[in-house]
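For reference, the structure is listed below as C-alpha cells.
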Amino acid sequence: QRCLSLIKSTKFLNAYITVAEETALKQAEESEKRYKRGQPLGVLDGIPIAVKDNFNTAGIETTCASNMLKGYISPYNATVVQKLLDQGAVLLGKTNLDEFAMGSGSTDGVFGPVRNPWSYSRQYKEKSVPKSHSEDKDSNWVITGGSSGGSAAAVSSFTCFAALGSDTGGSTRNPAAHCGVVGLKPTYGLISRHGLIPLVNSMDVPGILTRCVDDAAVVLGSLAGHDPKDSTTIQDNFKPFELSDLTDVSKLSIGIPKEYHAPGLSSEILALWSKAADLFKNAGAKVIEVSLPHTRYSIVCYHVLCTAEVASNMARFDGLEYGHRSDMNKSTESMYAATRREGFNDVVRGRILSGNYFLLKQNYENYFIKAQKVRRLIANDFVKVFGSGVDILLTPTTLSDAIPYMEFIKEDNRTRSAQDDILTQAANMAGLPAINVPTALSERGLPVGLQFIGRSFQEKQLLTVAKWFEKQVKFPMIQLDEHNGNLKQISKP
Amino acid sequence: PYKVVGLEIHAQISSNSKLFSGSQVQFAAPPNSLVSFFDASLPGTLPVLNRRCVEAAVMTGLALNCSINKKSLFDRKHYFYADLPAGYQITQQRVPIAVNGSLSYSLCIDNKMSQMVTKTVRIKQIQLEQDSGKSLHDDVRSQTLVDLNRAGVGLMEVVMEPDMCCGEEAAAAVRELQLILQTLGSSQAVMAEGQLRVDANVSVHHPGEPYGVRTEVKNINSIRFLAKAVDYEIERQIEELESGGTILNETRAFDSKLGCTVPMRDKEGKQDYRFMPEPNLPPLILYNARSLPANMNHQQVVNIDWIHERLPDLPSVKRAKLVEQYGILPEHSFTLLNEAGLTEFFEDVIKQTQMKPKKVIGWILNDLLSYLKQHSLTVKESPVSSFLLADLLNRLEKKEISSTAAKQVFAELWKGEGKTPLEIVKEKKLQLIQDQEDLERICQAVMAIKSGNRKVLNKLIGLVQRETQGRSNPVLVKQLLEKKLSE
C-alpha cells in the first residue's frame, strides 16, 4: 500500500504506464494470508515488483509505449511474469519505456518521457546551478537513460523492490547506471523470452533491476531455467544460488579492455574506472589490460542486425488480429499501410525501413551476412580474452552521467543510441552476462555506475564479484525530499 | 519440341498438432476454433518445433531416397497477406531437411495396362514449412474473411525436378507420391481436402536450344485436372511460340470449367521475400545410430536410423510382393494398390477360399471393382463382404454352380439384402446337378431314347420342365429333344 501511494506521489516521474492497484492489493492480501499461515511461497512472496511494459501480462494492458498496442490486453503472462506471480510477488504495474524498446533515453514512448528520480534528489539539487532566474525549476530534470527507464526509475524511487526490464543493447544497464540501481543482463538463453515482445530475438534478454546485488541474485534464482516455450533457452538444469561474501580476491583476474576508453568518455568516469581497477589491485587481484579489437565495429554491426530483425518482428502488426486498426478500409493493403503509419512512431518506422533495405536480396550478402560475420568476430574477442585466464571484465557503463532532457532531445534517437550503446552493446552481441553496479556520484550529484562482464552462464561468479565491489564503494542512498516519512519506512533493505 | 514439366507439391503433415504450436490439426472445424496465441501471431509468442512433423519429413525423405541433412535450418519468408498473421512464413530456404532423392513411377503405354514402363523423376528437396490460413473474399460486402485454423499447420514441400514431359507423367508421379505418403502415414494426401496441393512449372524448347521461359500453373484440384492443366499449358505455349509470340514468366491459374489456364496476378517476379534466418529456432540436428551421444535423452532426439528401420513397405515393394506371392500380373498389382482397401479385400478373400489367387484376382478386378465404380462406392462401402465373396467363390470352385450362375449370384449379393450365396443359389435354382445317380439316370435315359425308347423321352421332358420350373413349352421341348437325340 505504501508503494502504491508512493507511486501516486511520484507520478510526475512518469515511470508507470499502468498501475494495477486492485489486483496488486488483492495479491498483497493473499500474500499476507500465506505468511500468517506460515506458508509463504518463497522469498519473493509479497514483494512489490514492477514490470516493463513490453512484457505480456494477462488482464493488464501491455502497450510497449506505442499507439499500436494502446489498450491491448494480452491473454497470457510472459514466463518471467508468471514465475514471479507463482512466487507470490505483487505486481504493482507496467513501467514506461522508449516505444518498442527502441532508444536509450526512455523519452520516445507515446506516454511521454520518464524523469530520473535523481533530478529531484538533494544531491543533484545542491550541485545544480540554475541557468537563469526565470527558468522553471522543473526544466532541469535529467533523463533516466533507456530503454528500461521506467523500471529503473521505479526501483530508484522506492516504489518497488525490484523491476523487470529488457536488455538488447544495454537497455537495462544504461538506465540502471543513470538511476543508481543494480541492472543485471543475464546470459542469453538463461531466462525465457516467451512473452517478452521482441526487439532483436537473437540479442534480447529479460533484465533485472534491484537496489542491491543480493536482490538481483534472488530474482535471478526465481527466473532462470529452461522454458519449453522458448526454444532458445538452454536445457541444463539451473540451480539458484546465494551469494557468499567474498573475502579473498587474490585469485581473481580482472581485465580492463582498452577499447572501452571510448571517444566521448567523460574524464570523471575515466577516473572512477581507474579508481575501481586500483581497488581490485590493492585487494590483491590481478588486474590486466586486455584488448577487444572489434569493439569499434559493434555499433554499425548492431544497427544492421537490429534493424533487420525489427523489420521482421514488426511485420505482424497489421491491425488484423489485435492492436490498433486504422479506419482506412479501401483495401487490405491500404489498411495495413495506414495502421502501421498511425501505430508506429518515427523511430520504429525508420528501423523497419532500414531493416527491409538490408534484407533485400541484392543487399543481404553485403549487409546482413557481413554483419553476422562481424558479430562472430566480436564474440570471439571475448572468447579469446576469457580463454586467456581473465575472469571478469571491468568497464564503464555509460559515457557520462545523465544529461538533462532538454539537451538529450537536441539529437535524434538514432544518434543518441549509437553514442550511448557503445559500452553495453557488445555484451549483447556475444550473449554474455553483464551487470551495472552503482559506484559513486558525479560532480553534478548524479549516479555513475561501472559494468562487469562475465563468462557465459557464470552469473554466480559475476554477481559475487559485483557484490564485493558494491560493498567496497558504498554507493549513497538517494535523498528524495518530498516523501520523507514514506521513504524511511520503505527504504530499509 | 521438348516439353519440360516440374512440380512443387505441398503435402499437409498428418499430425495431432501444428508445426510450431500445440493447436489441433483438423479438417473443416468451425472457423478460428483451432488457433493458438502463436498462430494468431500475438506479440511475444515463440515457435516450438513439433517432433512428429520432423519424423514425418524424415520418413518421407527416406522413402524418396533422399539424403537427410543432419543439420537443417529455419528461415523467415516475408510478405504481407491477410492469411499470414506474422507477416512472414517460417520455412527452410537455406538448408532443407532432405535433398537429392528420386521417385519411380509407372505409366501404361498407349493405355494398355499390359505394357507398363517405369520412369524416374528426381526429387530436388523436401522442406518443412508453415501452412497459411484461409482468406475468403466477399466482393458483395467488400470485405475479406480470414480463418486461421490452417495457419501454422505443418507442410512438407516436395520439389520435383523438371524431368517430366507431359500431363500423364505428372499425374502418375503425383499418384505414386500420394500412395507413398499414405503408406507412410506422413500425410493423408487427399487433394479434395487440401492435404495435397500441386503447382506445375511448364516450359517448352527445341532440342539443342536452352530451356524456354517457364510458367507456374496453380489452382489444380485433382490429379485428373493436373494432367489436363499441364497438357493445356504445353499446347498453349507451343501455339504461342509457333505463331511468333513469347512466353511470359508468369503465374497462371487452371480453370477447371473451361479446361484452360489464365494469367493470375503476377506475384513471383516482383516479390523480394527478404529471407532471414529464424532467430527463435536453433538449427535442427538429427542423429543416426553412429552420431547419437550416449547420454542423450532419447525423447529429445530424432534418430534417422531408428526411423529407417521402421519404414513400412513402400508401394513398389508391396506390388512386387503381391506379384510374387500370388502370381498375379504387375498391372494387377497397380490396380490393387490404387484403390483404397482393395488389396486387403483381395487378401481376405484369398484367406477364406481355396480358389487360386490367379482366378480370384479376376473377380476382384473385373466384378467387384467394376460394380464399385459403377455405383461410385469405395471398397469400405461394398455391400459384398470378403466373407460373402469367398463363400461364393468356394461354391464355384467346388463346382456347385457354373461360372455364369456365379455371376448371377454376385449380382444378387450386390443388392445387399443379407442373403448368403447358398440361399440365393437355392432360391434361383442355380445349382449344378452334381448328383451321380441323377446324372446316370439322365444319361441312361438319353441312351435309351437313342435306342428307341420313347418313354424315356417323357422323362427327359419332365426333367427339362423341372429345370425350367415349368416354364418351358412342352411341345417345343419335345421337338428339340427329338431333334437332339437323332443327332
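Residue numbers begin at 1 in each chain, while the letters A, B, ... track the order of the sequences. These numbers come from a predicted model, not from an experiment.
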Rounded to the nearest 0.5 Å, what separation is found between the [atom1] atom of [X] and the [atom2] atom of [Y]?
| X | Y | atom1 | atom2 | result |
| --- | --- | --- | --- | --- |
| Thr45(B) | Arg193(A) | OG1 | CZ | 11.5 Å |
| Ser231(A) | Glu278(B) | OG | CD | 9.0 Å |
| Ser142(B) | Asn329(A) | OG | CG | 8.0 Å |
| Asn280(B) | His194(A) | CG | NE2 | 11.0 Å |

- Item | Polar side chain donor-acceptor pair, Arg274(B) to Tyr364(A), under 3.5 angstrom |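 Judged by distance alone, the side chains do not pair up.
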- For Thr332(A) and Tyr81(B), does a side-chain donor sit closer than 3.5 Å to a side-chain acceptor?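 Distance-only check fails for Thr332(A) and Tyr81(B).
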Looking at [X], I'd like to know if its [atom1] atom is crowded, meaning that more than 12 non-hydrogen atoms belonging to other residues, nucleotides or ligands lie closer than 6.0 Å.
| X | atom1 | result |
| --- | --- | --- |
| Asp138(B) | CG | yes |
| Tyr76(A) | OH | yes |
| Glu365(A) | CD | no |
| Gln143(B) | CD | yes |
| Asn16(B) | CG | no |

- Message: Does any part of the side chain of Phe37(B), heavy atoms only, come nearer than 4.5 Å to the side chain of Ser74(A), both counted from C-beta?
- Response: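 They are not in contact (no side-chain heavy atoms under 4.5 Å apart), so the answer is no.
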- Query: Do Glu321(A) and Leu148(B) have side chains that get closer than 4.5 Å, going by heavy atoms?
  - Reply: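 A side-chain contact exists here, since the closest heavy-atom pair is under 4.5 Å.
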Against chain A, label [X] side chain, backbone, both or neither, depending on which of its atoms sit under 4.5 Å from a heavy atom there.
| X | value |
| --- | --- |
| Thr144(B) | side chain |
| Pro47(B) | backbone |
| Phe38(B) | neither |

- Message: side-chain contact (heavy atoms from CB on, under 4.5 Å), that's the test. Do Arg76(B) and Asn313(A) meet it? Break it down for me.
- Response: CA-CA 10 Å; Arg76(B) 292 185 181 180; Asn313(A) 291 332; 2.9 Å; yes
- Item | For the student: nearest non-hydrogen atoms of Pro228(A) and Val48(B), plus distance |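 For Pro228(A) versus Val48(B), the nearest heavy atoms are O-CG2, 3.4 Å.
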- Task: Mind listing the closest non-hydrogen atom pair of Pro279(B) and Asn201(A) along with its distance?
- Result: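 So the minimum-distance heavy-atom pair works out to CG-CB, 3.5 Å.
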- Relative to the ring of Tyr336(A), is the ring of Phe80(B) parallel (under 30°), tilted (30 to 60°) or perpendicular (over 60°)?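 Ring orientation of Phe80(B) relative to Tyr336(A): perpendicular.
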- State whether the side chain of Asp272(B) and the backbone N or O of Lys361(A) hold a donor-acceptor pair below 3.5 Å, judged by distance alone.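 Judged by distance alone, yes, a pair lies under 3.5 Å.
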- Message: Please check: side-chain N/O of Asp318(A) versus main-chain N/O of Ala82(B), any donor-acceptor pairing under 3.5 Å?
- Response: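 The answer is no, because no donor-acceptor pair under 3.5 Å joins these two groups.
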